[in-house]
Amino acid sequence: MKESAEDAHVLYVFENDLRLDDNSAFNQACEFSKQNRTGLMCLYCFQYWYVNFVGLPDAIIGRARFEFLRQSLSDLRRNLAARGLSLTIRIGSTSEVIPEIHSRHSFDAIFYSQSSGFYENKHWLKLASQLTTVKFEQVNTNTLFQPHDLPFQVSELPKHFTPFRKKVEELAIEPPVSFDQHILNGFKDDSDQWQHISSIFVNKAEDSSFKGGAQAGQSHLIDYFESKSPSTYKTTRNQLLGWYTTTKFSPWLALGCISP
């Protein structure tokens, strides 16, 4: 370990976990930074194929989805800033961006949330094979249950939801973990590209009832459970029209603005 926070750093990479509360991976990164007196940098890699940055064919996400992501990142930046941290946002894949930033800051450890995606995990394996002096820590943050709590092996996961529900509905669910630490030794890389990204579709997306970010997700969650909708969900869940026929949680869950 290096001798001081000036030359010792830890990196936290946000992916589909754009929140601070109930994010055990981020909590562990903060604790590691505190215990080892290291500077903490937060990073989000905006995949270049999301939007046509480099002359590629049409983007894979539309304007409404892009705006939801932009709002979610803006909310995350505000929440981090309130705790003395910055969020560096770069265009490119993790396997491209992280080695470049590591060459300037020499990270001791990199923390991130575990992903179920094949290509995402392939990127992380590639990084670990390249940066052999760095400690990589992945933490499960985006599932309702931890794998070791399940009454079966993950390889024996039921193929349909109802058999799964019957096996796990009596399991205890761990309460959400709050985040209230104030980090003083955060830092940001000079290569941040947020202004460029955020200017692309500003004022061009159609107005939507879905507002991105942890704050908007929590507000919608509270609004839903304060209504009568949960008591009628079973009879309305297959309806395609209507705001309260289903929970509408999925956009916030998909980006990790709220946790399961």
Side-chain angles (χ1 to χ4, degrees), residues 12-29 47 60-61 64-65 68-69 72 76 94 111-125 128 136-179 209-260:
Y12 186 80
V13 183
F14 283 97
E15 293 184 296
N16 290 336
D17 58 340
L18 305 184
R19 64 183 187 277
L20 301 187
D21 283 331
D22 202 28
N23 189 336
S24 53
F26 184 65
N27 276 359
Q28 289 188 31
Q47 306 297 330
I60 66 170
I61 65 175
R65 184 176 167 192
F68 189 89
L69 174 58
S72 299
L76 179 61
T94 53
F111 288 78
Y112 60 99
S113 287
Q114 185 175 7
S115 172
S116 59
F118 173 81
Y119 292 106
E120 289 83 352
N121 287 318
K122 191 174 180 179
H123 281 305
W124 285 113
L125 288 173
F136 283 81
E137 289 287 345
Q138 67 169 1
V139 184
N140 188 11
T141 64
N142 290 326
T143 58
L144 189 61
F145 304 104
Q146 295 297 323
H148 59 261
D149 292 330
L150 296 174
F152 47 79
Q153 297 296 318
V154 174
S155 59
E156 299 172 352
L157 187 74
K159 295 181 179 180
H160 303 286
F161 175 71
T162 299
F164 170 79
R165 175 182 59 78
K166 290 180 178 180
K167 288 178 178 292
V168 303
E169 60 187 354
E170 299 299 327
L171 293 180
I173 299 174
E174 295 181 2
V177 179
S178 296
F179 176 79
S209 299
F210 292 99
K211 304 299 180 184
Q215 181 176 352
Q218 288 290 339
S219 295
H220 173 66
L221 187 146
I222 293 170
D223 180 58
Y224 177 81
F225 282 111
E226 286 184 345
S227 73
K228 297 180 180 179
S229 299
S231 61
T232 60
Y233 174 81
K234 191 171 183 179
T235 58
T236 63
R237 62 184 179 178
N238 291 324
Q239 296 181 25
L240 298 178
L241 299 178
W243 182 253
Y244 289 104
T245 55
T246 58
T247 68
K248 307 297 191 295
F249 294 158
S250 57
W252 291 283
L253 286 169
L255 292 185
C257 299
I258 57 176
S259 72

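Numbers for residues simply follow the sequence, beginning at 1. Owing to the predicted nature of the structure, the values given are computational and were not obtained by experimental measurement.
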- Query: Which pair of non-hydrogen atoms, one from T232 and one from T235, has the smallest distance, and what is that distance?
  - Reply: O-OG1, 2.9 Å
- Listed by chain and number, what are the side chain to side chain donor-acceptor pair (under 3.5 Å) partners of N142, not counting sequence neighbours? R19
- Query: About how many Å separate CZ of F111 and CD of E137, when rounded to the nearest 0.5 Å?
  - Reply: 5.0 Å
For residues 253-260, which side-chain donor-acceptor pairs fall under 3.5 Å, sequence neighbours excluded?
| unit_1 | atom_1 | unit_2 | atom_2 | d |
| --- | --- | --- | --- | --- |
| S259 | OG | D22 | OD2 | 2.4 |

- Can you list the residues that meet the side-chain contact (heavy atoms from CB on, under 4.5 Å) rule with T143, with sequence neighbours excluded? N140
- Centroid-centroid under 6.0 Å between W124 and Y119 rings: no
- When every non-hydrogen atom of S115 is compared with those of N121, the smallest separation belongs to O-ND2, 3.0 Å
- Mind checking side chain to side chain donor-acceptor pair (under 3.5 Å) for T141 and listing every partner two or more places apart, or none if nothing turns up? S113
- Task: For F14, check ring-ring contact (aromatic ring centres under 6.0 Å, His included) against everything at least two apart and list the hits.
- Result: Y12, F26
- Task: Find the distance between CD (Q28) and CG (N23) and round it off to the nearest 0.5 Å.
- Result: 9.5 Å
- Message: I'd like to check the salt bridge (Lys or Arg N to Asp or Glu O under 4.0 Å) partners of E120; sequence neighbours left out, ordered by chain and number.
- Response: none
Can you list, pair by pair, the side-chain donor-acceptor contacts under 3.5 Å of residues 214-228, counting residues two or more places apart and other chains?
| unit_1 | atom_1 | unit_2 | atom_2 | d |
| --- | --- | --- | --- | --- |
| S219 | OG | Q215 | O | 3.0 |
| H220 | NE2 | T247 | O | 2.7 |
| D223 | OD2 | Y244 | OH | 2.8 |
| S227 | OG | Y224 | O | 2.5 |
| S227 | OG | S229 | N | 3.2 |
| S227 | OG | S229 | OG | 3.1 |

- Item | side-chain hydrogen bond (donor to acceptor under 3.5 Å, both in side chains) contacts in which one or both residues fall within residues 147-157, not counting sequence neighbours | none
- How many angstroms lie between CG in L18 and CG in L76, if you round to the nearest 0.5 Å? 6.0 Å
- Message: Using the ring-ring contact (aromatic ring centres under 6.0 Å, His included) criterion, which residues pair with F152? Sequence neighbours excluded.
- Response: none
- Task: Scan residues 164-178 for pairs that pass side-chain hydrogen bond (donor to acceptor under 3.5 Å, both in side chains), counting only residues two or more places apart or in two chains.
- Result: R165-E169
- Task: Under the side-chain contact (heavy atoms from CB on, under 4.5 Å) rule, collect the residues that match up with I173, sequence neighbours excluded.
- Result: L144, F145
- Task: Taking the side chain as every heavy atom from C-beta outward, state whether E15 and T94 have any pair of such atoms under 4.5 Å apart.
- Result: yes
- Which pairs count as salt bridge (charged side-chain N to carboxylate O under 4.0 Å, His left out) when at least one residue sits in residues 232-249, sequence neighbours excluded? none
